[in-house]
Amino acid sequence: MGTKFDTKEAFWNIHNNTKPGPERTRAYIKTIKEADESGDPYAMMHMRADMAVFVPFYDDAVKILPYCAEFMQIAEEHPEAATADDVFTVTREASSLAIILPQIELPLCEKMFAKMEEVAGHIKRGAIRRLHMTATEFYTYIDADKAKKHYDIFNNEKMGMYSACNACEQHLKVWYMLKKGDVKLASEMAGRIFRGGLVCHDIPWQTYAVFLEHYVDTGCVNEHVPMLNKLVKGGLRDVSDLANAGTVLRCLAAVNPEKGLSFLQNYWKWTVNMWNEQSLYFFYKGAWCCLREINANGGKTTLCPPQGLNIDSNTTEFFEEWFYKKAVESAGKFDKRNSTRFYMEDLKRA
């Protein structure tokens, strides 16, 4: 056992002295190095577990992936220092990455879910419910029958300290019903969220986004501009909201493409060095839809790429095709990994 490292002091030092986002991510990386230097295996794992929880709220969630892998390696070497809470936290967050990162091959995704199931079975207290909630979302893109089985177990399992918050759970139910095509039931389930009865960091913003995607798909987004305005006002905070920005762009393509172009110019910088492929897909799709409308109606003809993208052209005609190709590329990665056409069918509706 190495030198004892004060993880509580390190945690509060990070959260009291850094801004949420890349600055806080860098602070976690620095602190993890310090914990490693102490040689205290508990601290080495606990700081990685803290990073896995808090970084995805404000930054590119995929940044936690190597630290989750390191955690599991340390846990194998020092099982006596691995707490059940930290092990479940890391396996939960790593499994969630399978949803947004198609580079994780399907066998590895299922191995991660199996590890999460193993841990959840030991600690219970809502962990099994959380496992099946995450698996419901993952398998909805892959296998409808498996998704339903996970959803039914999720619905029947008891809540506990390891289950998700009430707002996130209700959102998952709404999202799942929309994906199944039961818009009426989804709308009924979303009522409490829309009335402000269920709120967290991500909700109602993600719920607004999934309904707005549906409204654009069905050609009635003009009737729901107040919801769009709410998403713009509260759901575009940092790079973790890149998918929301894509939904806003897609909606503005239908109701106000010129305004959409200014939004595109403003939020495009969030894609630079972004690994979250699902968020990128939504942004690329929204940007393509916006530029398609701009070009079809003879609007502004130039666009300035953000710093970090080495692209010679600046015409909206060029970038309409560029964003479309990017969206197809992202959709193809997911569908290839999942052996479905879920994303390409989604892009087709756009």
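The figures here come from the full heavy-atom set of this structure, side chains too, leaving out hydrogens, waters and symmetry mates.
Of all heavy-atom pairs spanning Thr89 and Ala49, the tightest one is CG2-O, 3.8 Å. The nearest pair of heavy atoms linking Met177 to Tyr151 is CE-OH, 3.5 Å. Smallest separation of non-hydrogen atoms from Met45 and His78: CE-O, 3.8 Å. Of all heavy-atom pairs between Met47 and Ile14, the closest is CE-CD1, 4.1 Å. Contact between Cys109 and Phe138 at its shortest, heavy atoms only, is CB-CZ, 3.6 Å.
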Ring pair (Phe, Tyr, Trp, His ring centres under 6.0 Å) evaluation trace for Phe211 with Trp175: CA-CA 9 Å; Phe211 271 96; Trp175 178 88; over 10 Å; no

Full working for side-chain contact (heavy atoms from CB on, under 4.5 Å) between Trp268 and Phe319: CA-CA 12 Å; Trp268 195 359; Phe319 282 114; 3.5 Å; yes

Criterion ring pair (Phe, Tyr, Trp, His ring centres under 6.0 Å) on Phe318 and Phe323, from CA distance to verdict: CA-CA 9 Å; Phe318 171 85; Phe323 277 115; 9.5 Å; no

Candidate pair Glu105 and Arg337, rule salt bridge (Lys or Arg N to Asp or Glu O under 4.0 Å), full reasoning: CA-CA 6 Å; Glu105 295 294 336; Arg337 194 274 304 272; over 6 Å; no

Pair Thr247-Val210, side-chain contact (heavy atoms from CB on, under 4.5 Å): steps then yes or no: CA-CA 8 Å; Thr247 295; Val210 297; over 6 Å; no

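Using a 4.0 Å cut-off between charged nitrogen and carboxylate oxygen, Lys19 and Glu23 do not count as a salt-bridge pair. Checked for salt-bridge contact, Glu34 and Lys30 meet the test: a charged N lies under 4.0 Å from a carboxylate O. Under a 4.0 Å N-O distance rule, the pair Asp346/Arg349 qualifies as a salt bridge. A salt bridge links Lys148 with Asp152; the closest basic N to acidic carboxylate O contact falls under 4.0 Å.
For the residue pair Thr18/Arg24, the side-chain donor-acceptor check at 3.5 Å is satisfied. Residues Glu213 and Tyr208 bring no donor and acceptor atom of their side chains to less than 3.5 Å of each other. With hydrogens and angles left out, the side-chain atoms of Thr25 and Asp59 include a donor and acceptor closer than 3.5 Å. Residues Ser240 and Asp238 bring a donor and an acceptor atom of their side chains to less than 3.5 Å of each other.
Put simply, the side chain of Ile100 reaches to within 4.5 Å of the side chain of Leu97, judged on heavy atoms. Side-chain contact between Trp288 and Leu249 is absent, with no heavy-atom pair separated by less than 4.5 Å. No side-chain heavy atom of Met133 sits under 4.5 Å from any side-chain heavy atom of Glu137. In this structure the side chain of Ile193 reaches within 4.5 angstrom of the side chain of Ile203, judged on heavy atoms. The shortest side-chain heavy-atom distance between Trp275 and Leu280 does not fall under the 4.5 Å cut-off. Between Phe11 and His46 the shortest side-chain heavy-atom distance does not fall below 4.5 Å. Between Leu347 and Lys285, the closest side-chain pair of non-hydrogen atoms falls below 4.5 Å.
The side-chain contact (heavy atoms from CB on, under 4.5 Å) test with Tyr284 is passed by exactly one of Glu329, Lys326, Lys325: Lys326. Screening Asn166, Thr207, Asp202 for a side chain to side chain donor-acceptor pair (under 3.5 Å) involving His171 leaves a single residue, Thr207. Checked against Tyr141 for a ring-ring contact (aromatic ring centres under 6.0 Å, His included), the options Tyr281, Phe334, Tyr176, Tyr343 give a single hit: Tyr343.
To the nearest 0.5 Å, atoms CG (Asp36) and CE (Met44) are separated by 4.5 Å.
Of the possible donor and acceptor atoms, none in the side chain of Gln170 sits under 3.5 Å from a partner among the backbone N and O of Leu198. At least one donor-acceptor pair under 3.5 Å links the side chain of Asn295 to the backbone N or O of Leu291. Counting only distance, with no hydrogens or angles, the side chain of Asp60 and the backbone of Lys63 share no donor-acceptor pair below 3.5 Å.
By the criterion of side-chain heavy atoms lying less than 4.5 angstrom apart, applied directly or through intervening Ile, Leu, Val, Met, Phe, Trp or Tyr residues, Phe263 is grouped together with Leu261 in one hydrophobic cluster.
Phe57 and Phe54 have tilted rings, their planes meeting at an angle from 30° to 60° on a 0 to 90° scale. The aromatic rings of His15 and Trp12 lie perpendicular to each other, with more than 60° between the two planes, well past the 30° mark.
For the pair Arg129 and Phe154, the cation-pi criterion (under 6.0 Å, within 45° of the ring axis) is fulfilled.
In this structure Asn244 satisfies the side-chain hydrogen bond (donor to acceptor under 3.5 Å, both in side chains) test with no other residue, sequence neighbours excluded.
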